[in-house]
Amino acid sequence: MCSPWCAPSPARPRARISPTAFAQRFDQRIAALGASHDLLVQNEWRGVDLEALTRSQLAHFRDLFGSRIEIEGSRTIVKPSAGQTIGMALHELATNAGKYGALSNDKGKVRIAFGVRPDENGAPRFEMDWRESGGPTVVPPRRHGFGHMVILQMVKHSLGGQVTLDYAPAGIAWTVSASPENVIEPPQEADREFEKRA
């Protein structure tokens, strides 16, 4: 079985998506955006915790947290706009992983890591990785859809950074690198006071 990134066979052109399937995908994307919005509302639009955001977008795989889905990273509060964009990208990645990738079988794994790390010149960079392993062999696609635009172009323009999507045969690898100023919410005064007391 090939991954969602497989190219359609020349003898069997990919069929056009049906209105029902289109409506279903559209509803799922609206729900994903709504999940990010709910977290932002809870925090009064002062940003969103990236781990909480990640868990909300992968909620339908919650039974796999800690076993087949690993989330690694220090506490990171991202800006509202960054949170909405990253949330949509995570939704697309999770959907593909569940249908065709590492989460489509009973042994594949997904590792999600994020944080601020120094680049080769010592300057801080926000970095986020999504890496799959143990799923069906990945084959690069011949054509791309809306999800691909979200994962690459939308994230790139929203965060003002670099985004790569590697179609490694062993598993999809998605990486983001951007200036922390474009992604991370500055600490609020209340947060600074709490940190001083701690």
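The residues of the chain are indexed from 1 along the displayed sequence.
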When the side chains of residues 118-125 are checked against the rest of the protein, which donor-acceptor pairs come out under 3.5 Å, sequence neighbours left out?
unit_1	atom_1	unit_2	atom_2	d
D119	OD1	N121	N	2.8
D119	OD1	G122	N	2.9
D119	OD1	A123	N	2.8
R125	NE	S177	OG	3.2
R125	NH2	Q162	OE1	2.9
R125	NH2	S177	O	3.2
R125	NH2	S177	OG	3.4

Return yes if some donor-acceptor pair links the side-chain N/O of [X] with the main-chain N/O of [Y] below 3.5 Å, else return no.
X: T54; Y: L50; answer: yes
X: N105; Y: G134; answer: yes
X: D166; Y: A173; answer: no
X: S104; Y: G101; answer: yes
X: T85; Y: A82; answer: no

Do the non-hydrogen side-chain atoms of [X] and [Y] ever get within less than 4.5 Å of each other?
X: I184; Y: T76; result: yes
X: P180; Y: V116; result: yes
X: E185; Y: V78; result: no
X: V176; Y: V183; result: no
X: Y167; Y: P141; result: yes
X: F65; Y: E70; result: no
X: I112; Y: L58; result: yes

Any chance you could measure [X], atom [atom1], to [Y], atom [atom2], to the nearest 0.5 Å?
X: M149; Y: M154; atom1: CE; atom2: CE; result: 4.5 Å
X: W130; Y: I172; atom1: CH2; atom2: CD1; result: 11.0 Å
X: H148; Y: L165; atom1: NE2; atom2: CG; result: 5.5 Å
X: N96; Y: H91; atom1: CG; atom2: NE2; result: 9.0 Å
X: L93; Y: R131; atom1: CG; atom2: CZ; result: 12.5 Å
X: D49; Y: I77; atom1: CG; atom2: CD1; result: 4.5 Å

Inset, instruction - Go through L64 and V110 one step at a time and tell me if the side-chain contact (heavy atoms from CB on, under 4.5 Å) criterion holds. - result: CA-CA 10 Å; L64 303 181; V110 174; over 6 Å; no
Inset, instruction - Decide side-chain contact (heavy atoms from CB on, under 4.5 Å) for I151 and W174; before the verdict, give the C-alpha distance in whole Å, the side-chain angles of both, and the deciding distance to 0.1 Å. - result: CA-CA 8 Å; I151 292 168; W174 175 75; 3.1 Å; yes
Inset, instruction - For residues S81 and S158, report the shortest heavy-atom separation together with the two atoms involved. - result: O-OG, 4.0 Å
Inset, instruction - I would like to know whether V163 and T175 meet side-chain contact (heavy atoms from CB on, under 4.5 Å); could you show each step before the answer? - result: CA-CA 6 Å; V163 185; T175 62; over 6 Å; no
Legend entry - Candidate pair L159 and K79, rule side-chain contact (heavy atoms from CB on, under 4.5 Å), full reasoning: CA-CA 10 Å; L159 305 187; K79 295 181 176 182; over 6 Å; no
Legend entry - Atom CD of E181 with >12 non-hydrogen neighbours under 6.0 angstrom: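 No, because the 6.0 Å sphere around CD of E181 holds 12 heavy atoms or fewer from other groups.
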Legend entry - Salt bridge E127-R117, side-chain N to carboxylate O under 4.0 Å: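 Judged by the 4.0 Å cut-off on N to carboxylate O distance, E127 and R117 do form a salt bridge.
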Inset, instruction - Could you tell me whether E72 and R111 have a side-chain N and a carboxylate O separated by less than 4.0 Å? - result: yes
